[in-house]
Amino acid sequence: AQLALLPDESVLFVAHGFQHATLGHFPLGILHPGSGRITGIPVTPLPAGTPNAMAVDAVGRTAYVGWFDSPSVGSSSVYAVALPHGGAPTLVAVLAGDILQLAVEESGTIVAGTSGSPGLLRIDPATLAVTHAHPTLGCCNAIEIERATGDIFALSGCPAPGAYRVTPSG
């Protein structure tokens, strides 16, 4: 499961297998903390696989959701979903390896952490271009963007496990 705070302080979530009457069979929803109400976000057609990563653009109008395509395929897909009403997901990228984490830079560029090596990637949602954010870091299971500098903080499992700071230039 993944959570993201929206600009109105409601909480967007994606959770595989979470059951709630307002969600139907969709794994995406919004929790309204003041009332405790949950609003489901319909995603049709629902991508195949399992959702495992999520981030939201700065204005809270687009969720980017990373899906394991299938354990046997060894790839993941990132889709854009309109907020708050959902609808048809738009494929943004297909990535090698399992998607582990997503974040969005101030520029709107998506940063993806995957089980691959290199596994810290940038995705331009306008051009759909995928580039390496770092030439060797892999298995990036946690990423966060420092707003003041644009640096990416990443917990990486390979080639040398540790916490890393990656500048915008890589």
Side-chain angles (χ1 to χ4, degrees), residues 1-16 27-30 41 43 47 49-70 73-84 86 89-170:
Q2 297 284 320
L3 303 172
L5 188 63
L6 295 172
D8 67 359
E9 298 195 6
S10 58
V11 180
L12 178 69
F13 65 88
V14 63
H16 178 70
L28 200 58
I30 297 175
I41 299 174
V43 179
T50 304
N52 193 57
M54 183 186 62
V56 178
D57 70 344
V59 295
R61 298 209 173 198
T62 304
Y64 297 103
V65 182
W67 296 74
F68 292 140
D69 291 332
S70 164
V73 174
S75 65
S76 297
S77 298
V78 177
Y79 290 90
V81 177
L83 296 176
T90 303
L91 182 63
V92 176
V94 176
L95 308 174
D98 295 328
I99 187 81
L100 302 174
Q101 190 63 268
L102 291 170
V104 179
E105 296 177 309
E106 286 288 320
S107 66
T109 299
I110 305 160
V111 177
T114 73
S115 63
S117 186
L120 188 61
L121 309 169
R122 282 194 171 93
I123 306 164
D124 183 326
T127 66
L128 309 182
V130 177
T131 57
H132 299 293
H134 190 275
T136 60
L137 285 183
C139 307
C140 293
N141 195 29
I143 53 177
E144 188 59 56
I145 311 297
E146 182 183 42
R147 297 294 172 208
T149 63
D151 290 357
I152 302 167
F153 289 88
L155 293 180
S156 172
C158 57
Y164 294 87
R165 182 178 194 145
V166 178
T167 65
S169 63

Residue pair [X] / [Y]: nearest heavy atoms and the distance that separates them:
{"X": "Ile99", "Y": "Asn52", "answer": "O-ND2, 2.9 Å"}
{"X": "Pro84", "Y": "Ile30", "answer": "CB-CD1, 4.1 Å"}
{"X": "Pro89", "Y": "Val81", "answer": "CB-CG2, 4.2 Å"}
{"X": "Arg147", "Y": "Val104", "answer": "NH1-O, 3.0 Å"}
{"X": "Val92", "Y": "Leu128", "answer": "O-CD2, 3.5 Å"}
{"X": "Cys140", "Y": "Ala154", "answer": "SG-CB, 4.3 Å"}

Within a 6.0 Å radius of atom CD on Glu146, are there more than 12 heavy atoms belonging to other residues, nucleotides or ligands?
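Yes.
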
Might you work through the side-chain contact (heavy atoms from CB on, under 4.5 Å) test for Met54 and Leu28, ending with a clear yes or no?
CA-CA 10 Å; Met54 183 186 62; Leu28 200 58; 4.0 Å; yes

Do [X] and [Y] have side chains that approach each other closer than 4.5 Å (heavy atoms only, starting at C-beta)?
{"X": "Val94", "Y": "Ser76", "answer": "no"}
{"X": "Leu12", "Y": "Ile41", "answer": "yes"}
{"X": "Arg165", "Y": "Thr149", "answer": "yes"}
{"X": "Leu155", "Y": "Gln101", "answer": "no"}
{"X": "Leu121", "Y": "His132", "answer": "yes"}

Is the side chain of Ser156 donor-acceptor paired with the backbone N or O of Cys158 at a distance under 3.5 Å, no angle test?
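Indeed, once roles are kept as given, a pair shorter than 3.5 Å links the two residues.
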
Measuring from atom CG of Leu95 to atom OG of Ser77, what distance do you get when rounded to the nearest 0.5 angstrom?
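Reported value, rounded in 0.5 Å steps: 7.5 Å.
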
With Asp57, which residues qualify under side chain to side chain contact (heavy atoms under 4.5 Å, CB included), at least two apart?
Val59, Arg61, Thr62, Tyr64

Assess whether side-chain contact (heavy atoms from CB on, under 4.5 Å) is satisfied between Asp98 and Thr114, documenting all intermediate values.
CA-CA 5 Å; Asp98 295 328; Thr114 73; over 6 Å; no

